[in-house]
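Here is the structure we will look at.
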Amino acid sequence: MAGKDTLEEEVLALRRDKLASEKKYSQLQEKVSKLSQELNEERELNRCLSDNQKSWKDRVTGLESRLEDVVKQKDSVSTHYMSFLIEFVAWVLQEIQDLREQVRDLMFYLETQKKIEDSPDGAKQVCLCGGGSYVCVEVVGFHRKFKKGSSLSPSHHNRKPRLLVEKRNSK
């Protein structure tokens, strides 16, 4: 019966091994199931992150494009604005020059009128030039006619007031 006892011991050992193997198999099956579920979750998370990344890349690309457009517009506006400012400054400088010429002409006219009024004999004698005496007949060319908006370069700006004089005969 020695063979029977060894055989029964072997069967018992195999049953224990089988139970241990089934228990290990069950544990491994649970681990596989758990890992499989985690893998599926990770894949879903990865897909969502990929989609989100693509969405953000598209947004960034769109914003970069808009930024480039804004910079181009700013540069264009800055160039136009600078051109406008340069033209405006040139116009203001021309206006100042025109006003200076008008003041000079007015001063000449006023000085001439003063000399005429201060003449001793009440005549329109202006001055003694080169030893001779001259009589002022008329002061012409001072009054200007400006059209509105044409003060930048009127053709009559170059006209200077002048005296029409006659030489008085010295006796």
Side-chain angles (χ1 to χ4, degrees), residues 1-114 138-163:
M1 306 233 154
K4 191 176 174 185
D5 287 334
T6 40
L7 202 52
E8 282 182 18
E9 286 178 16
E10 276 186 48
V11 168
L12 281 175
L14 286 173
R15 281 189 186 167
R16 273 186 262 143
D17 287 342
K18 180 183 173 193
L19 285 174
S21 293
E22 285 177 353
K23 188 177 181 181
K24 274 188 176 180
Y25 174 77
S26 174
Q27 289 173 346
L28 288 175
Q29 190 67 28
E30 285 178 27
K31 278 187 176 181
V32 166
S33 175
K34 194 176 192 180
L35 288 174
S36 180
Q37 184 180 359
E38 286 179 15
L39 178 63
N40 287 337
E41 288 174 3
E42 290 294 324
R43 284 181 178 160
E44 181 64 24
L45 182 62
N46 189 26
R47 186 188 63 76
C48 288
L49 289 174
S50 263
D51 292 346
N52 201 10
Q53 182 181 19
K54 183 181 181 305
S55 172
W56 279 106
K57 277 185 179 180
D58 292 344
R59 279 183 172 178
V60 167
T61 302
L63 288 173
E64 286 174 342
S65 175
R66 284 180 51 199
L67 178 62
E68 287 175 8
D69 292 344
V70 166
V71 167
K72 286 177 185 175
Q73 286 177 342
K74 182 194 124 316
D75 290 344
S76 175
V77 167
S78 294
T79 302
H80 288 8
Y81 183 69
M82 289 303 295
S83 293
F84 168 76
L85 284 179
I86 290 170
E87 289 176 22
F88 179 74
V89 167
W91 177 79
V92 168
L93 291 174
Q94 183 62 45
E95 285 294 312
I96 291 170
Q97 182 64 31
D98 291 346
L99 290 172
R100 283 182 180 156
E101 288 178 10
Q102 289 179 24
V103 168
R104 188 190 68 229
D105 293 347
L106 179 62
M107 293 304 296
F108 176 79
Y109 176 77
L110 292 175
E111 287 173 7
T112 304
Q113 289 296 330
K114 176 107 173 102
E138 183 181 8
V139 177
V140 294
F142 177 72
H143 298 287
R144 295 182 180 191
K145 295 179 184 177
F146 292 107
K147 291 182 182 176
K148 204 169 203 174
S150 67
S151 61
L152 276 180
S153 60
S155 60
H156 54 275
H157 268 261
N158 295 329
R159 284 189 12 203
K160 303 277 186 257
R162 65 183 193 281
L163 293 177

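Bear in mind that the values here come from a model prediction, so they are computed numbers and not experimental data. By convention here, the first residue in the shown sequence is residue 1.
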Point-to-point distance, once rounded to the nearest 0.5 Å, from CG of Leu49 to CD of Gln53: 8.5 Å
State whether Glu44 and Arg47 are salt-bridged, where the test is any N-O pair (Lys NZ or Arg NE/NH1/NH2 against Asp/Glu carboxylate O) under 4.0 Å. yes
In Ile86, Leu93, Val92, the residue satisfying side-chain contact (heavy atoms from CB on, under 4.5 Å) with Val89 is Leu93
Hey, are the side chains of His80 and Ser76 touching, using non-hydrogen atoms and a 4.5 Å cut-off? yes
Main-chain N/O of Lys57 paired to Thr61 side chain as donor or acceptor, under 3.5 Å: yes
Spacing of NZ belonging to Lys114 relative to OH belonging to Tyr109, to within rounding of 0.5 Å: 14.5 Å
Pair Gln94-Asp98, side-chain donor/acceptor within less than 3.5 Å: yes
Hey, could you give me the CE/CG distance between Met107 and Leu110, rounded to the nearest 0.5 Å? 6.0 Å
I'd like a table of donor-acceptor pairs (distance under 3.5 Å, sequence neighbours excluded) in which one partner is a side-chain atom from residues 17-40, with atom names and distances.
{"residue": "Ser21", "atom": "OG", "partner": "Asp17", "partner atom": "O", "Å": "2.9"}
{"residue": "Asn40", "atom": "ND2", "partner": "Ser36", "partner atom": "O", "Å": "3.4"}

Ignoring hydrogens and angles, tell me if any N or O in the side chain of Ser78 forms a donor-acceptor pair with the backbone of Lys74 under 3.5 Å. yes
Less than 4.5 Å apart, any side-chain heavy atom of Asn46 and any of Glu42? no
Donor-acceptor contact below 3.5 Å, side chain Ser83 vs main chain Thr79: yes
Less than 4.5 Å apart, any side-chain heavy atom of Leu106 and any of Gln102? no
